[in-house]
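Letters A, B, ... mirror the listed sequences (proteins, then strands); counts begin at 1.
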Amino acid sequence: MPAKEIAPKHIAAPLLAWYDRSHRRLPWRAPPGANAADPYRVWLSEIMLQQTTVAAVIPYFEHFTTRWPTVEALAAAEDGDVLAAWAGLGYYARARNLLACARAVAEGHGGHFPSTEEALLGLPGIGAYTAAAITAIAFGERAVVVDGNVERVVARLFAVEEPLPSAKPALRTLTDTITPTARAGDFAQAMMDLGATVCRPRSPDCLVCPIADSCDAARRGIADLLPKKAQKAPRPVRYANVYVLRDRGEILLVRRPPRGLLGGMLGLPMSEIADAPMADNTHPGAPALTRWSRGEGRVTHVFTHFELHLTVFSGDLSGITKPAGDWRAADESAARDLPTLFRKALDFAACVDDF
DNA sequence: GAAACGTGGAC
DNA sequence: TGTCCAAGTTT
């Protein structure tokens, strides 16, 4: 019954001491000894960090906070500007929910984020993890903050053999038992930092871990085998066509439907996504009836749940009525606001046709 | 509960 | 090269 032997203070005290010693400076973190963190910055960083690495987030966070320093400023922004600023970060529903949340806070809460988990959970894009993280980090209130790092640390600490994701409820309960009341935000961040830098998914560095004394997996030498994970489904391969339509120095971009894959983002005109390649002489989803020339080869882009093989067609408008859409100068900057998928397709087309 | 939803870095 | 993974949420 190792769970009983690990008292909160045996974890929190050495962990917090380690955190104070090794404190990582990150743009959304209040410097040591400074005033409490700004809820807007905490919230923004937590949304951006969902399933996304710190290194990828930093430049986006700097850009967003410079351009929209407050939640009210963000709430007043144009949808297209925010989505464009998010381009390349991925999981674009986050950007759509970000705006919806900012507007809810600005209009429904007087520009102040609510400070309870329950109220935070009611806001778009804020789930169990983010609500707890904001409660602890921005408001200093005790909350049980469980992300992927914490699950890993706790699974090892208590040598939980049950695989994820079914172990989630047990891991949450165990996290509750070691969560202190004091320094709630620091404890949460310390757990996540530990998971990111010491209690890593592969090759955990138990020799330098501040809580290895209390760790059942370390004691038994099985830390690198935990947590166990259920097998994931294989990634299917799918196909689509994209169209680079030119008119003199411009190319056509279109706004995608507001939900679903890359929802709301600007992109190249694209066919439906199919399970097999389309015949070269049919052009479902093409923006105009013109002569299309197929690029040699395909662009491959790997999403979480499928691998997309894109055939890139280019064509010239040459006198046909200009279809509606966002016509952009056909240079490198055309790809600026686009999801990576379309940046790749444009790069591919540029290599083939050098426009 | 399972599937949808991006991207880039590490090994 | 392929696989795994990163501070998850929504439907």
Side-chain angles (χ1 to χ4, degrees), chain A residues 24 26-29 37 41-61 83 86-98 100-101 120-138 143-153 164-169 172 175 185 187-197 199-204 224 227-238 256-265 267 273 300-308 338-344:
Chain A
R24 285 202 292 171
L26 297 171
W28 44 87
R29 211 114 98 173
R41 295 167 66 89
V42 172
W43 163 73
L44 179 61
S45 68
E46 291 300 343
I47 301 298
M48 288 184 166
L49 285 163
Q50 289 168 6
Q51 297 291 285
T52 308
T53 57
V54 167
V57 164
I58 288 174
Y60 285 86
F61 181 83
L83 292 173
W86 196 277
L89 238 203
Y91 283 147
Y92 298 99
R94 293 184 297 170
R96 304 192 300 268
N97 286 328
L98 188 81
C101 183
L120 287 162
L121 270 174
L123 293 168
I126 297 183
Y129 160 75
T130 305
I134 294 172
T135 301
I137 298 169
V144 182
V145 180
V146 185
D147 75 329
N149 288 303
V150 175
E151 284 178 346
R152 183 171 58 256
V153 171
L164 286 170
S166 61
K168 280 173 179 285
R172 205 262 180 200
T175 305
F187 178 78
Q189 292 179 88
M191 288 285 281
M192 295 189 281
D193 267 17
L194 188 75
T197 64
C199 195
R200 299 176 294 240
R202 286 174 294 211
S203 328
D224 60 335
K228 297 181 178 176
K229 298 208 166 183
Q231 268 196 320
K232 29 189 75 124
R235 208 190 323 262
V237 176
R238 310 186 72 187
R256 296 179 57 77
R259 291 198 222 265
L261 190 74
L262 311 174
M265 300 298 291
I273 295 172
T300 298
H301 188 73
V302 180
F303 294 103
T304 306
H305 52 308
F306 65 97
E307 183 175 314
L308 183 60
L338 305 186
T340 302
L341 169 68
F342 298 117
R343 293 184 194 180
K344 283 187 188 176

Can you find a side chain N or O atom of H305(A) that sits less than 4.0 Å from OP1 or OP2 on dC5(B)? yes
Taking the six-membered ring for Trp, are the ring centroids of W28(A) and F61(A) within less than 6.0 Å of each other? yes
Would you say dA6(C) has OP1 or OP2 under 4.0 Å from some side-chain N or O of Q51(A)? no
Would you indicate, yes or no, if dA6(C) has its OP1 or OP2 atom less than 4.0 angstrom from a side-chain nitrogen or oxygen of Y91(A)? no
Please state whether the phosphate of dC5(C), meaning OP1 or OP2, lies under 4.0 angstrom from any side-chain nitrogen or oxygen of K232(A). yes
Just how far, in rounded Å, is P of dG6(B) from OH of Y60(A)? 13 Å
Can you tell me which nucleotide in dC5(C), dG8(C), dC5(B) comes closest to the side chain of T130(A)? dG8(C)
Go through dA6(C), dC5(B), dG8(B) for me and flag the one nearest to the K229(A) side chain. dA6(C)
Would you mind checking if D193(A) and R29(A) are paired as a salt bridge, meaning a charged N to carboxylate O distance below 4.0 Å? yes
Starting the side chain at C-beta, find the nucleotide from dT11(C), dT9(C), dA6(C) nearest to Y129(A). dT9(C)
Could you tell me whether the phosphate oxygens of dT3(C), OP1 or OP2, come under 4.0 Å of any side-chain nitrogen or oxygen in R202(A)? no
Do Y129(A) and E46(A) get their side chains close enough for a donor-acceptor pair, meaning under 3.5 Å? yes
Select one nucleotide: of dT9(C), dT7(B), dC11(B), the one nearest the side-chain heavy atoms of Q50(A). dT9(C)
It should be established whether H301(A) places a side-chain nitrogen or oxygen under 4.0 Å from OP1 or OP2 of nucleotide dG6(B). no
Ignoring backbone atoms, test whether T340(A) places a side-chain nitrogen or oxygen under 4.0 Å from the OP1 or OP2 oxygen of dG8(B). yes
Closest to the 5' end of DNA chain C, once W28(A) and G125(A) are matched to their nearest nucleotides, is W28(A)
What interatomic distance, in whole Å, is found between C1' of dG1(B) and the corresponding atom of dG8(C)? 16 Å
Using modelled atom types and a 3.5 Å cut-off, is there a donor and acceptor pairing between side-chain atoms of R200(A) and backbone atoms of L194(A)? no
Can you figure out which of dT7(B), dA10(B), dA4(B) approaches the side chain of P339(A) most closely? dT7(B)
Can you tell me if T52(A) touches the phosphate of dG8(B), counting only side-chain N or O atoms and a distance under 4.0 Å to OP1 or OP2? no
Upstream residue (5' side of DNA chain B) when P165(A) and G90(A) are each assigned their closest nucleotide: P165(A)
Look at the side chain of D147(A) and decide which nucleotide, out of dC5(C), dG8(C), dT7(B), has an atom nearest to it. dG8(C)
Ignoring hydrogens and angles, state whether a donor on the side chain of E307(A) or T300(A) is under 3.5 Å from an acceptor on the partner side chain. no
